[in-house]
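As structure tokens, the structure follows; a few thoughts come after it.
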There are 2 protein chains.
Amino acid sequence: MFKKETEYALRGMVYIQLQNLKERRPGVAEIAREIEAPYFFTAKIFQRLAKQGFVKSMKGKGGGFFIDPEKKDLPLKELIIAIEGEELFIGCGFGLKNCDENNPCPMHHQYGMIRDQINQLVAGETIQSLARNTLSKTLAFSRENVDER
Amino acid sequence: MFKKETEYALRGMVYIQLQNLKERRPGVAEIAREIEAPYFFTAKIFQRLAKQGFVKSMKGKGGGFFIDPEKKDLPLKELIIAIEGEELFIGCGFGLKNCDENNPCPMHHQYGMIRDQINQLVAGETIQSLARNTLSKTLAFSRENVDER
DNA sequence: ATATTAAAAGACCTTTTTATCTTTTATTAT
DNA sequence: ATAATAAAAGATAAAAAGGTCTTTTAATAT
Ligand code: FES
Ligand code: FES
């Protein structure tokens with residue numbers, strides 16, 4: 001579905017968000033290790049995401065990546081479009097130059113429904129919501145927090 | 001969503017099916033022109049599909065491609081898997097090595113629903129059903145949109 | 001038979017994606 | 001200050017996707 005770069009970015013951003021919640025700023029080495037992505041490729045990806053403002057970074061000792069806590073939740077869609085464009089969210093499944101309601105391809109109806117659902121997922125979910133999701137699952141198994149839910 | 005090769009194959013197969021219904025056997029030149037795909041790339045793709053048995057061909061004067069009318073409808077899924085594998089139909093949207101119900105990624109639930117719908121589309125629709133679809137409505141086929149020419 | 005037609009085969013090329021490595025710059029702890 | 005640390009920058013490269021071209025083989029019309 002997504003490019004490798006997008007997958008690494010998604011996993012890495014969620015990992016950074018999770019660590020930030022623990023008052024930690026993971027570096028490239030840690031991120032790459034945890035999301036099981038190649039070190040240098042991960043470095044390059046987050047370098048770009050930093051330049052684009054999706055993540056902040058600090059150099060030097062104790063440095064690493066963090067997500068601006070002031071900023072509101074980041075929808076997956078914004079991140080994905082920045083990496084691989086919006087073709088997946090607007091394009092025709094049959095490969096026509098553009099999906100046109102008035103000139104539909106033979107799978108327009110069914111594919112349109114799938115595309116709508118994809119749009120709903122990436123517009124509705126955010127890096128933060130995925131992090132919270134991960135956290136709640138973890139909490140369900142953790143010994144410290146058996147009581148609530 | 002799909003690779004270019006898959007898109008060309010889908011469009012080409014539907015075009016062949018449509019022409020076969022008119023008792024015609026289109027050649028590579030005609031197919032490539034009609035689906036607006038590069039000639040030699042189209043040639044290579046259908047050469048491979050012929051070898052794999054998805055389409056039959058005749059060399060020489062009056063030759064071209066045709067779909068065995070004896071064979072039952074060909075589900076898109078079979079064709080797509082032959083070209084680009086089944087990752088799209090079984091893989092994890094977050095990029096985990098495999099989608100595991102017991103070890104779900106943070107988008108497992110929502111992505112799973114999308115993947116299910118994709119599977120439903122490609123298992124339910126066939127080259128023949130898309131061709132019939134094109135015939136019944138006045139659907140777009142070429143990559144051009146009629147109103148913009 | 002021969003000329004013509006059209007697919008098969010396979011070598012070749014270009015671009016994009018994925019990945020690696022080295023050097024430079026910024027930050028911090030000491 | 002200086003040593004240690006970690007990201008930024010940018011060059012390089014392997015692999016996959018996308019595309020092109022030439023030669024060979026098969027079929028048919030004449
Ligand atoms: S025209 Fe193909 S999906 Fe809309
Ligand atoms: S584990 Fe990611 S989609 Fe199922």
Given atom [atom1] of [X] and atom [atom2] of [N], what is their separation to the nearest angstrom?
X: A/K3; N: D/dA16; atom1: NZ; atom2: P; answer: 16 Å
X: B/K61; N: D/dT25; atom1: NZ; atom2: C1'; answer: 17 Å
X: B/R25; N: C/dA7; atom1: CZ; atom2: P; answer: 10 Å
X: B/E5; N: C/dT17; atom1: CD; atom2: P; answer: 17 Å
X: B/I83; N: D/dG18; atom1: CD1; atom2: P; answer: 11 Å
X: A/K59; N: D/dA3; atom1: NZ; atom2: P; answer: 20 Å
X: B/K56; N: D/dA26; atom1: NZ; atom2: C1'; answer: 16 Å
X: B/M58; N: D/dT25; atom1: CE; atom2: C1'; answer: 15 Å

Inset, instruction - Look at the side-chain N and O atoms of A/Y8 and state whether any lies under 4.0 Å from the OP1 or OP2 oxygen of C/dA19. - result: yes
Inset, instruction - Would you please confirm or rule out a distance under 4.0 Å between OP1 or OP2 of D/dA8 and any side-chain N or O of A/S57? - result: yes
Taking atom [atom1] of [X] and atom [atom2] of [Y], what is their separation to the nearest 0.5 Å?
X: B/F46; Y: B/F54; atom1: CZ; atom2: CZ; answer: 11.5 Å
X: A/L96; Y: B/R11; atom1: CG; atom2: CZ; answer: 6.0 Å
X: B/K97; Y: B/C92; atom1: NZ; atom2: SG; answer: 12.0 Å
X: A/T42; Y: A/E5; atom1: OG1; atom2: CD; answer: 10.5 Å
X: A/N98; Y: A/I90; atom1: CG; atom2: CD1; answer: 8.0 Å
X: B/M1; Y: A/I114; atom1: CE; atom2: CD1; answer: 6.5 Å

Legend entry - Interface residues of residues 32-50 of chain A with DNA chain C (non-hydrogen, below 4.0 angstrom): A/P38, A/F40, A/F41, A/K44
Inset, instruction - Determine, stepwise, if the pair A/L88 / A/I80 fulfils side-chain contact (heavy atoms from CB on, under 4.5 Å). - result: CA-CA 10 Å; A/L88 181 62; A/I80 295 169; 5.7 Å; no
Inset, instruction - Compute the angle between the rotation axes at the two ends of the helix from C/dA1-D/dT30 to C/dT30-D/dA1, each taken over five pairs, rounded to 10 degrees. - result: 0°
Legend entry - hydrophobic_cluster_shared for A/I16 and A/L74, side chain cutoff 4.5 Å: yes
Inset, instruction - Would you confirm whether A/N119, through its side chain, and A/R115, through its main-chain N or O, come within 3.5 Å as a donor-acceptor pair? - result: yes
